[in-house]
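Each ligand, and each atom within it, is numbered from 1 in the order the structure gives. Here the structure is a predicted model, which means the values were calculated and not measured.
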Amino acid sequence: MKERRLKRLLVCGAAGFIGSHFVKLLRRTRPEIEITVLDKLTYAGNPANLAELEKTAGYRFVRGDIADGEMVDHLAGQVDAIVNFAAETHVDRSLLDPFAFVVTDVLGTGVLAEAARKHGHEVFLLVSTDEVYGDVAEGRSQETDAFRPRSPYSASKAGGELLAWSYQVSHGLPLIVTRGSNNYGPNQFPEKIVPLFITNALDGMELPIYGDGSAVRDYIYVEDHCRGIDAALHRGAPGEAYNLGTGTETSGNEVAAAVVELTGLDGAKVGRVMDRAGHDYRYALDVRKAAEELGWSAEVGFREGMERTVRWYRENESWWRPLRNGEYWDFYKLNYRPAEVQ
Ligand code: NAD
Ligand code: TYD
C-alpha cells in the first residue's frame, strides 16, 4: 500500500491517554516527522504522559485550546496535517456538564477544520468514536450507518464529526475519520471503567457496576488503536471513515471479574450502583474495512491487555495516586449513588 509522507504534524490533545501513546508510537516508528502537540491540559491532560519526549529534537509542546482560532491558525500555518485527539471524553461527566463538551468537541473541531482548510493541509485526521452510532441492538455498525448518539458526549462527538464532514463536502477538506471502540491500557485517567476498577481494587475499594453489569463494549488495547490511527493517517483515503475495534464483546461484569482476578481483590467488593442515565447497552463495530483497506487489525487480546494494564498500574502508583485528589472525589460523590435509590 502506498503511504503519504508527512513532514510536520500538529497533534491536538496528546497530553491525554490515547494521544500520548500515539505521539510516542510516531516518535519510535517515524522519527523524521516533526511533531507539535497542542493541549489545554484539562484535568485529563497530564504532562507526565509526554515527559520522555521533552527537549527531544523535532518535538515541541504548546499549551492552548483547540477552540482558540488565533492560536490554532498560527500553529496550523506551520504544519502539513492535523491529528485531533482533543476532546472532553467521559460520558458521566457529560451528563453533569454538557456544554464543556459542546465547546471543545464541536466548536474546537470546527476551528481545526477551518484552519486545515485555510492552510491547504494534506490531511485532517479526526479521532472519533463508535459511540456516534449509538446503542446497537443487533448486528455491527458499519461506517455508512446513520449517527444515533444518545449521550451529551456522543452527541458532541457526532456534532464535531458532522461539522468536519461539511468541510469535506463544501470545501474539499481532505478529512479522514477513525471511529475507535473503548480503549484501555497504561496512562488512562482513572475515570473510565478499566482504570477506575483497577485503582479502586488496588486501594481495596468497591468496584461500582452500573445496573446489572451486562452492558457490553468492544475493549481495544490502546497501542492497537494507535497503530490503526497511524495506518489511517498514512494509508487512508480522504473522505473516508474507518472503524477501529477488535470485533469482540465484553460486559462490565467480565471487566470486574478480570480486575478481581488480576489484582487479587476480594470478589465480594464488586457492587452494584445506580445505573447511568441513558446507558447505551451495546456498541459493536464491523471492522472489516480497516483490515481490507488499511491492512490493520487489533493484535492484543483482552486477557493479555488486562494483564499488561494491571501490571502497569501496580508499578506506576506515583502516576495515578495524585490524580485521585479532591476534585476527583467531588465528582465521584456526585456520580456514584447506591443502587437502591433507583
Ligand atoms: P483523554 O480525556 O484522556 O484526553 C483528552 C486530552 O484532550 C487531554 O490531554 C486534554 O487536556 C485535551 N483537551 C481537552 N479539551 C481541550 C481543548 N479544548 N483544547 C486542547 N486540548 C484539550 O481522552 P482519550 O481517552 O485519550 O481520547 C482521545 C480521543 O479519542 C478523544 O477525541 C475521544 O473522543 C476519542 N476516543 C476515545 C476512546 C476511549 O475509549 N478513550 C474511544 C474512541 C475514541
Ligand atoms: P466507560 O468506561 O465510561 O466507557 P463508555 O464511554 O463506553 O460508556 O464505560 C464502559 C462500560 O462500563 C459502560 O457499560 C458503563 C460501565 N461502567 C460501570 O459499570 N461502572 C463505572 O464506574 C464506569 C465508569 C463504567
Side-chain angles (χ1 to χ4, degrees), residues 11-22 37-47 49-50 62-68 71-72 83-94 100-101 103-105 107-109 111-112 126-132 135 150-151 153-154 156-157 160-161 177-185 187-197 200 206-220 222 225-226 228-229 243-245 250-256 270-276 278-283 285 332 335-336:
V11 186
C12 304
F17 167 46
I18 307 171
S20 61
H21 282 276
F22 176 76
V37 167
L38 173 64
D39 197 295
K40 187 177 172 182
L41 297 181
T42 68
Y43 77 95
N46 190 340
N49 294 345
L50 294 167
V62 177
R63 185 172 190 179
D65 190 332
I66 60 165
D68 175 347
M71 172 173 274
V72 166
V83 179
N84 185 41
F85 292 89
E88 290 293 337
T89 62
H90 189 33
V91 172
D92 294 318
R93 286 183 190 253
S94 81
F101 288 68
V103 171
T104 292
D105 302 12
L107 177 63
T109 302
V111 167
L112 295 176
L126 179 59
V127 179
S128 187
T129 164
D130 60 359
E131 304 196 24
V132 296
D135 199 19
R150 291 163 24 98
S151 73
Y153 164 63
S154 53
S156 301
K157 289 295 288 185
E161 240 208 74
V177 170
T178 57
R179 299 195 186 119
S181 61
N182 286 60
N183 284 232
Y184 68 102
N187 303 95
Q188 187 171 26
F189 188 88
E191 63 185 357
K192 313 276 165 56
I193 188 171
V194 170
L196 179 82
F197 280 16
N200 273 17
E206 185 177 282
L207 311 189
I209 296 258
Y210 292 152
D212 70 0
S214 62
V216 295
R217 299 287 186 266
D218 173 344
Y219 290 95
I220 185 170
V222 62
H225 186 210
C226 289
I229 294 167
N243 289 341
L244 300 176
T250 305
S251 69
N253 289 328
E254 287 169 323
V255 172
V270 177
R272 314 229 168 276
V273 293
M274 191 161 82
D275 205 354
R276 171 185 286 171
H279 192 167
D280 282 344
Y281 188 75
R282 176 175 180 260
Y283 302 135
L285 287 177
Y332 202 95
N335 187 59
Y336 291 98

Which of the ligand 2 atoms, numbered from 1, are nearer than 4.0 Å to a heavy atom of Val91 = 6 (O)
Sub-3.5 Å N/O-N/O distance, Asp280 and ligand 2 | no
According to the interplanar angle, ranging from 0 to 90°, do the rings of Tyr210 and Tyr336 count as parallel (below 30°), tilted (30 to 60°) or perpendicular (above 60°)?
-> parallel
Is there a heavy atom of Tyr336 sitting under 4.0 angstrom from any atom of ligand 2?
-> yes
Flag side-chain contact, heavy atom, 4.5 Å: Pro208 against Phe197 | yes
For Ala215, the ligand 2 atoms whose distance to one of its heavy atoms is below 4.0 Å | 14 (O)
To the nearest 0.1 Å, how far is atom 1 (P) of ligand 2 from its closest protein heavy atom, and which atom is that?
-> Arg276 NH2, 3.9 Å
Do side-chain atoms of Asn183 reach the backbone of Ser181 as a donor and acceptor pair under 3.5 angstrom?
-> yes
Scan side-chain atoms only and decide if Ser251 and Asn253 contain a donor-acceptor pair under the 3.5 Å cut-off.
-> no
Distance-only N or O hit between ligand 2 and Ile193, under 3.5 Å | yes
Is the side chain of Thr109 donor-acceptor paired with the backbone N or O of Gly160 at a distance under 3.5 Å, no angle test?
-> no
Judged by non-hydrogen atoms, does Tyr281 sit under 4.0 Å from ligand 2?
-> no
How does Val273 reach ligand 2, if at all, at less than 4.0 Å between non-hydrogen atoms: by side chain, backbone, both, or neither?
-> neither
For ligand 2, is there an N or O atom under 3.5 Å from any N or O atom of Asp92?
-> no
Using a strict 4.0 Å cut-off to heavy atoms of His279, name the atoms of ligand 2 that fall inside it.
-> 13 (C), 14 (O), 15 (C)
Nearest non-hydrogen protein atom to atom 6 (O) of ligand 2, with distance, is Glu131 OE2, 2.6 Å
Compare all side-chain heavy atoms of Gln188 with those of Val222 and state whether any distance is below 4.5 angstrom.
-> no
4.0 Å heavy-atom contact, Pro208 with ligand 2 = yes
Does any N or O atom in Tyr283 lie less than 3.5 angstrom from one in ligand 2, N or O only?
-> no
Contact residues of ligand 1, where a non-hydrogen atom lies under 4.0 Å away | Gly13, Ala15, Gly16, Phe17, Ile18, Asp39, Lys40, Leu41, Thr42, Ala44, Gly45, Gly64, Asp65, Ile66, Phe85, Ala86, Ala87, Thr89, Thr104, Val127, Ser128, Thr129, Tyr153, Lys157, Gly180, Ser181, Asn182, Asn183
Counting each atom of ligand 2 from 1 as listed, which ones have a heavy atom of Leu196 under 4.0 Å away?
-> 22 (O)
Please report the closest heavy-atom contact between Leu50 and Ala15, naming both atoms and the distance.
-> CD1-CA, 3.8 Å
Quick one: OH on Tyr281 to OG on Ser214, what's the gap to the nearest 0.5 Å?
-> 3.0 Å
So is Tyr219 close enough to ligand 2, meaning a heavy atom under 4.0 angstrom away?
-> yes
Is it true that the side chains of Arg93 and Tyr43 contain a donor and an acceptor less than 3.5 Å apart?
-> yes
Output yes when a side-chain donor or acceptor of Asp218 lies under 3.5 Å from a complementary backbone atom of Gly245, and no otherwise.
-> no
Closest to atom 4 (O) of ligand 2 among protein heavy atoms sits Asn182 ND2, 3.2 Å
Sub-4.5 Å side-chain heavy-atom contact between Arg282 and Asp135 | yes
Going by the atom numbers of ligand 2, which of them fall below 4.0 Å from some non-hydrogen atom of Ile209?
-> 19 (O)
Counting both backbone and side chain atoms, is some N or O of Tyr210 under 3.5 Å from an N or O of ligand 2?
-> yes
Checking Thr178 side chain against Gly180 main chain: does a donor-acceptor pair fall under 3.5 Å?
-> no
Could you check atom 24 (C) of ligand 2 against the protein and tell me its nearest heavy-atom contact, residue, atom and distance included?
-> Glu191 O, 3.3 Å
Quick one: ring pair (Phe, Tyr, Trp, His ring centres under 6.0 Å) partners of Tyr153, sequence neighbours excluded?
-> none
May I ask you to check whether Lys192 has an N/O atom sitting below 3.5 Å from an N/O atom of ligand 2?
-> no
Please state whether the rings of Phe17 and His21 are parallel, tilted or perpendicular, taking 30° and 60° as the class boundaries.
-> perpendicular
Any Lys/Arg nitrogen of Asp65 or Lys40 sitting under 4.0 Å from an Asp/Glu carboxylate oxygen of the other?
-> yes
Can you tell me how far the CG atom of Asp105 sits from the OG1 atom of Thr129, to the nearest 0.5 Å?
-> 10.5 Å
